[in-house]
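Working notes for the structure below.
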Amino acid sequence: MTELLPLWNDTPTRQIVLDFVNAVTTPGSLDFVPPEERIAVFDNDGTLWCEKPMYIQFDYFLRSLAEQAQNDASLREQQPWQAAWNKDFGWLGGAITKHYQGDDSDFRILIRGILTLSKDQPVEKIEAAAKHFVEQEHHPLMDVPYQECIYQPMLELLHYLEINGFINYIVSGGGRDFMRGFAHDLYGIPRERIIGSTVAYRYMEDERGITIVQQPELDVIDDGPGKVIQIWNVIG
């Protein structure tokens, strides 16, 4: 077992990581980066935790849509509630596949349904629901809680970068409010370093106090080139 990144196989990839970190943290090196400029950004799905057989947040959305259909039988004849209710993963997966092939017809229907889940939802409630979901719900194939579906070598890398002066961020297409519910517990990354997709928000004030609630409108889709823009917007 090697001392640094012990869960990583001793491959050229591992050596590239070690050489890079050594170069940017060694004073006098041509590649030296001052500590205040050491920023590392990580995707979440498929990078820090599993994304197969489906995105974990997508599973959360489908269960929530199925619950809406449970409470309102008329929704069972409409997409995407029909697919969620019938567990028609073919339609759901096809909507995503067609989206990446340039056809957004079913994807827009899917997103429109998912957005109904956001109407007047307090952000604190979303975070609490996400935390509960990843702690209690199980991966459909491995039958372990989602919180155990973390790539341990990547946790090692996060820690290795941190002790070498890097500030780690998550930059994901997943929902920012959802990821804020578990990122610190799972990865040790604080909520203010979570960059993700967002919906619109509304300020509410009543006799119980002040809260921010989600609205069923997209604000930012943090995917593809949009990630680069969001890194600039948030980190600068």
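These figures come from a predicted structure and were not determined experimentally.
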Between Tyr187 and Asn44, a side-chain donor and acceptor under 3.5 Å: yes

Residue pair Ser29 / Asp31, side-chain donor-acceptor N/O under 3.5 Å: no

Residue pairs, two or more places apart or on separate chains, that pass ring-ring contact (aromatic ring centres under 6.0 Å, His included) and touch residues 145-175: Phe133-Tyr146

Residues Asp120 and Gln214: side-chain donor-acceptor under 3.5 angstrom: no

Side chains of Asp19 and Gln15, donor plus acceptor under 3.5 Å: yes

Partners passing salt bridge (Lys or Arg N to Asp or Glu O under 4.0 Å) against Asp106 (at least two apart in sequence or in another chain): Lys98

Side-chain heavy-atom pair Val41, Ile195 within 4.5 angstrom cut-off: no

Met204-Ile212 co-clustered via ILVMFWY side chain contacts under 4.5 Å: no

Arg180 side, atom CZ; Ile189 side, atom CD1 - distance, nearest 0.5 Å: 13.0 Å

Side chain proximity check, Pro216 to Arg112, heavy atoms < 4.5 angstrom: no

Side chain to side chain donor-acceptor pair (under 3.5 Å) involving Trp85 - partner list, sequence neighbours excluded: none

Inter-residue atom distance Asp104.CG - Ile109.CD1, 0.5 Å rounding: 11.0 Å

Qualifying side-chain hydrogen bond (donor to acceptor under 3.5 Å, both in side chains) pairs, either residue in residues 226-236, two or more places apart: Asp43-Lys227, Gln230-Asn233

Partners passing side chain to side chain donor-acceptor pair (under 3.5 Å) against Asp206 (at least two apart in sequence or in another chain): Arg208

Main-chain N/O of Ser105 paired with Asp103 side-chain donor or acceptor, under 3.5 Å: yes

All side chain to side chain donor-acceptor pair (under 3.5 Å) counterparts of Glu217, not counting sequence neighbours: none

Side-chain (Asp45) to main-chain (Tyr55) donor-acceptor, under 3.5 angstrom: no

Separation between CG of Leu62 and CE of Met54, rounded to the nearest 0.5 Å: 5.5 Å

Thr26 side chain to Ala23 backbone, donor-acceptor under 3.5 Å: no

